[in-house]
Amino acid sequence: MAIAAFRRFLAFVPVGICCIMVFERITRVLHKGGVHRSSLMPRNSSPLLLSWRGWCTLAAVLFVGACKQPEQYKAEADKEVYKIIDDKWDPGYGWQANYAISSGPSSPNDVRPDVSQLPQRLSLAQAVALATAQNRDYQRQKELLYLQALDLTLARHDFARQWFGTIDGRYTRNPADESLSGGGQFGFNQLLATGTVIGANLAIDWMRFLTGDPRTTLGSMLTGTITQPLLRGSSRDIILEGLTQAERSALYQIRTFNRYRQTFVVEMVTEYYGVLQALDRVANDKSNYESLLANQMRVEMMADTGRVPRFQEGEVRQSVLQAEDRYNSSIESYRQALDRFKIRLALPTDMDIELDPNELVALESLGVAEPNVSLEESVQTALGLRLDLANVFDQVDDAARRVVVAADNLRTGLTLTARAGIPSSPGYQLDRHNLGDGTYSLGLSADLPLDRKRQRNAYREALIAHEAQQRTYQDQTDRVKLDVRQAYRDLTEAYTSYKIQLLSLDLARTRVDMQMILLQEGRATTRNYLDAQDDLLIAQNAKTSALVQFTLATLRFYRDVGLLAVRPDGLWERDETTAAGADSPDEPAASMTAYPRRSNVHAKQLIEK
């Protein structure tokens, strides 16, 4: 820290040297003009020697410039923004974690995976945590949340006391004379909730003529102004409308961010299982290819002994070629799906990782439970918990307030202004002001409503926007109901489909075994066996798809009802705090790592012939 401060000071040394050089030129001019007792020089001193006040002033300028750095402004902004988010974050929205942007301070609960230490095989929990920390869309949502809160800091600042200060100096030379002048202003402005604008300003002017009649003028002026609207723009609600909207917009963005987290985790789980499904199809296609290849050898032997016709041997060979092509195609599809998933994790596509196929084994070990849920209660729960619907509902109030603001703009503008200007006392007494010598004024200004076409149109637009927002809320309500009803149907259908696919898979396996026996006994044709083998492949893929679809349908149901709570580690669980008393399906596993593993097969083994 000390080294950094010293470097910042060195950066301002050239500025200080330039100031000293300029001051040296001024003191030389003053010395030539016969001025030896300037307020900037001590008595009986060299023209190059600054007074202690001058040195202190110069040192203060250098110190302030060297100490206030952009990093400090950034830290101040982060502190103010995250305080706003912390104050507005309701526990019902979800865990308060993983919302800080990467360039700002992080929460103790934020996930921070080390990309350099990633295992070659990613579990579901590791993939979701990595996506939470690195996904580019997720990072953008965090930035939007930050920027909305940053806008609120400016809206609040509009009602704070805003200080200002300026210092200027000038050297002027013309054929008649030569002069030095300087001055400065210091004051503040403040807007109150009543619409009152208060301003105070202290201005100092100094001039020294160096040729001709050497004279000096020095004075100050203390000015105060108060402005109060009396008709249009005088209501507290009207004045605070900008701040009110900024406060509500920040709250909306917090809700939007938490709703995004719910949809994001479902998307990532869907894509993770999509890659595993592609890998499972590779395994099934490989098994099918190897089975047909072994059967081809049997049929060839049977054809050589005359037990089956030669054309059946050709059918088997044709099926083997088709199976090999299907196997190669599934390998490429898996690789493509894995590369797309790497992009979602913000990882390079050439990074050597794979997903854990044991996650599908864990799903199968969990089994599926028949949904025990009330559709009517689910719809009512969603209407009370969906954060996106809450935003649309509150935006109806926003539109109503904008109607009031637009109506206020149709009124006559009447403003009361009070102003006082008090000069300093003569004799260079800058700190003394005589009230009797001041100038005071009190006035009224009116803006008559003679031309209000623009305001009239804005008012009518606000009325239409309010009605449109009401329809938007009604439409969004219907859509939320539709989402829940569709999620409920998908959940019940997925459960039924999984049960059917289990029976279908058992039947397909039995058919393959039976057709093999019949083929060896000469009681069946190769076409019967090939059809049974194709049906087995279809049943295997369908069973995996039904299992995954049931898991995803459960997650989507929780998401659409508003019960999906995203944990700090990026995984999920049912929000018991907001769903007390509601019937719902059994809680999905937030992490599959807690369940037994039954397979150690690697993806590389499946794609190698």
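With sequence neighbours left out, the salt bridge (charged side-chain N to carboxylate O under 4.0 Å, His left out) criterion links Asp237 to no other residue. Applying the side-chain hydrogen bond (donor to acceptor under 3.5 Å, both in side chains) test to Lys499 and every residue at least two apart in sequence or in another chain returns nothing. The side-chain contact (heavy atoms from CB on, under 4.5 Å) check on Thr132 picks up Asn98, Val111, Val128, Tyr138, Phe264, with sequence neighbours excluded. Applying the ring pair (Phe, Tyr, Trp, His ring centres under 6.0 Å) criterion to Tyr93, with sequence neighbours excluded, gives no partner residue. Remark: Asp490 engages no residue in a salt bridge (charged side-chain N to carboxylate O under 4.0 Å, His left out) (not counting sequence neighbours). With sequence neighbours left out, the salt bridge (charged side-chain N to carboxylate O under 4.0 Å, His left out) criterion links Arg485 to no other residue. Shown here are the salt bridge (charged side-chain N to carboxylate O under 4.0 Å, His left out) partners of Arg340, two or more places apart in sequence or in another chain: there are none. Evaluation of the side-chain hydrogen bond (donor to acceptor under 3.5 Å, both in side chains) rule for Asp560 yields no partner, not counting sequence neighbours. With sequence neighbours excluded, the residues satisfying side-chain hydrogen bond (donor to acceptor under 3.5 Å, both in side chains) with Ser249 are Gln245.
Proximity of a side-chain donor or acceptor of Ser333 to a complementary backbone N or O of Ser329 within less than 3.5 Å is detected. Within the 3.5 Å criterion, the main-chain N or O of Phe550 finds a donor-acceptor partner in the side chain of Thr554. Between the side chain of Lys342 and the backbone N or O of Met351 there is at least one donor-acceptor pair closer than 3.5 Å. Of the possible donor and acceptor atoms, none in the side chain of Glu359 sits under 3.5 Å from a partner among the backbone N and O of Asp356. Under the 3.5 Å distance criterion, the side-chain polar atoms of Tyr272 are matched with a main-chain donor or acceptor of Leu124.
Separating the CG atom in Leu555 from the OH atom in Tyr273 is a distance of 8.0 Å, to the nearest 0.5 Å. To the nearest 0.5 Å, atoms OH (Tyr498) and CG (Leu547) are separated by 5.0 Å. Going from atom OG of Ser365 over to atom CG of Asn358 covers 10.0 Å, rounded to the nearest 0.5 Å. Atoms CG and CZ, from Asn391 and Arg255 in turn, are 5.0 Å apart once rounded to the nearest 0.5 Å. Summarising the geometry, atom CD belonging to Glu370 is positioned 10.0 Å from atom CG belonging to Leu491; distances are rounded to the nearest 0.5 Å. Here the straight-line distance linking atom OG1 of Thr544 with atom CD of Gln501 works out to 10.0 Å at 0.5 Å rounding.
For the residue pair Asn284/Asp280, the side-chain donor-acceptor check at 3.5 Å is satisfied. A side-chain donor from one of Asn258 and Arg261 sits under 3.5 Å from a side-chain acceptor of the other. Arg259 and Gln262 form a side-chain donor-acceptor contact under 3.5 Å, judged by distance and modelled atom types alone. Checked by atom type, the side-chain pair Asp78/Tyr146 shows a donor-acceptor distance below 3.5 Å. Defined by atom type and a distance below 3.5 Å, a donor-acceptor pair is missing between the side-chain atoms of Asp285 and Tyr334.
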| query | When you look at Gln253 and Leu144, which way does the side-chain contact (heavy atoms from CB on, under 4.5 Å) test go after all the steps? | reply | CA-CA 8 Å; Gln253 196 62 42; Leu144 292 176; 3.8 Å; yes
| query | Which is it for Arg140 and Asp137 under the salt bridge (charged side-chain N to carboxylate O under 4.0 Å, His left out) test, yes or no, and what are the steps along the way? | reply | CA-CA 5 Å; Arg140 182 54 183 165; Asp137 292 337; over 6 Å; no
| task | Evaluate salt bridge (charged side-chain N to carboxylate O under 4.0 Å, His left out) for Arg156 paired with Glu247, printing each intermediate quantity in order. | result | CA-CA 9 Å; Arg156 290 180 176 181; Glu247 296 278 359; 2.9 Å; yes
| request: Evaluate salt bridge (charged side-chain N to carboxylate O under 4.0 Å, His left out) for Arg527 paired with Asp531, printing each intermediate quantity in order. | output: CA-CA 6 Å; Arg527 172 51 52 195; Asp531 290 342; 3.4 Å; yes
| message | Set out, in order, the CA-CA distance, both residues' side-chain angles and the distance that settles side-chain contact (heavy atoms from CB on, under 4.5 Å) for Val266 and Leu564, then state yes or no. | response | CA-CA 9 Å; Val266 175; Leu564 190 67; 3.6 Å; yes
| task | Could you walk me through whether Leu347 and Leu130 pass side-chain contact (heavy atoms from CB on, under 4.5 Å), step by step? | result | CA-CA 10 Å; Leu347 296 176; Leu130 185 62; 3.6 Å; yes
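At most 12 non-hydrogen atoms from other residues, nucleotides or ligands lie less than 6.0 angstrom from CD of Glu493.
Listed by first then second residue, pairs satisfying salt bridge (Lys or Arg N to Asp or Glu O under 4.0 Å) with a partner in residues 267-279 read Glu267-Arg344, Glu271-Arg344, not counting sequence neighbours.
Residues Leu243 and Leu152 are in side-chain contact: their nearest non-hydrogen atoms beyond the backbone lie under 4.5 Å apart. Between Asn288 and Arg326 the shortest side-chain heavy-atom distance falls below 4.5 Å.
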Let me have the donor-acceptor pairs involving side chains of residues 508-516, under 3.5 Å, with sequence neighbours excluded, atom names and distances please.
residue : atom : partner : partner atom : Å
Thr510  : OG1  : Asp506  : O            : 2.9
Arg511  : NH1  : Asp535  : OD2          : 2.5
Arg511  : NH2  : Asp535  : OD2          : 3.4

Side-chain donor-acceptor contacts of residues 460-476 below 3.5 Å, not counting sequence neighbours, with atom names and distances?
residue : atom : partner : partner atom : Å
Thr472  : OG1  : Ala468  : O            : 2.9
Asp475  : OD2  : Arg479  : NE           : 2.8

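The aromatic rings of Phe257 and Trp89 sit perpendicular to each other, their planes meeting at more than 60°, with 30° as the lower class boundary.
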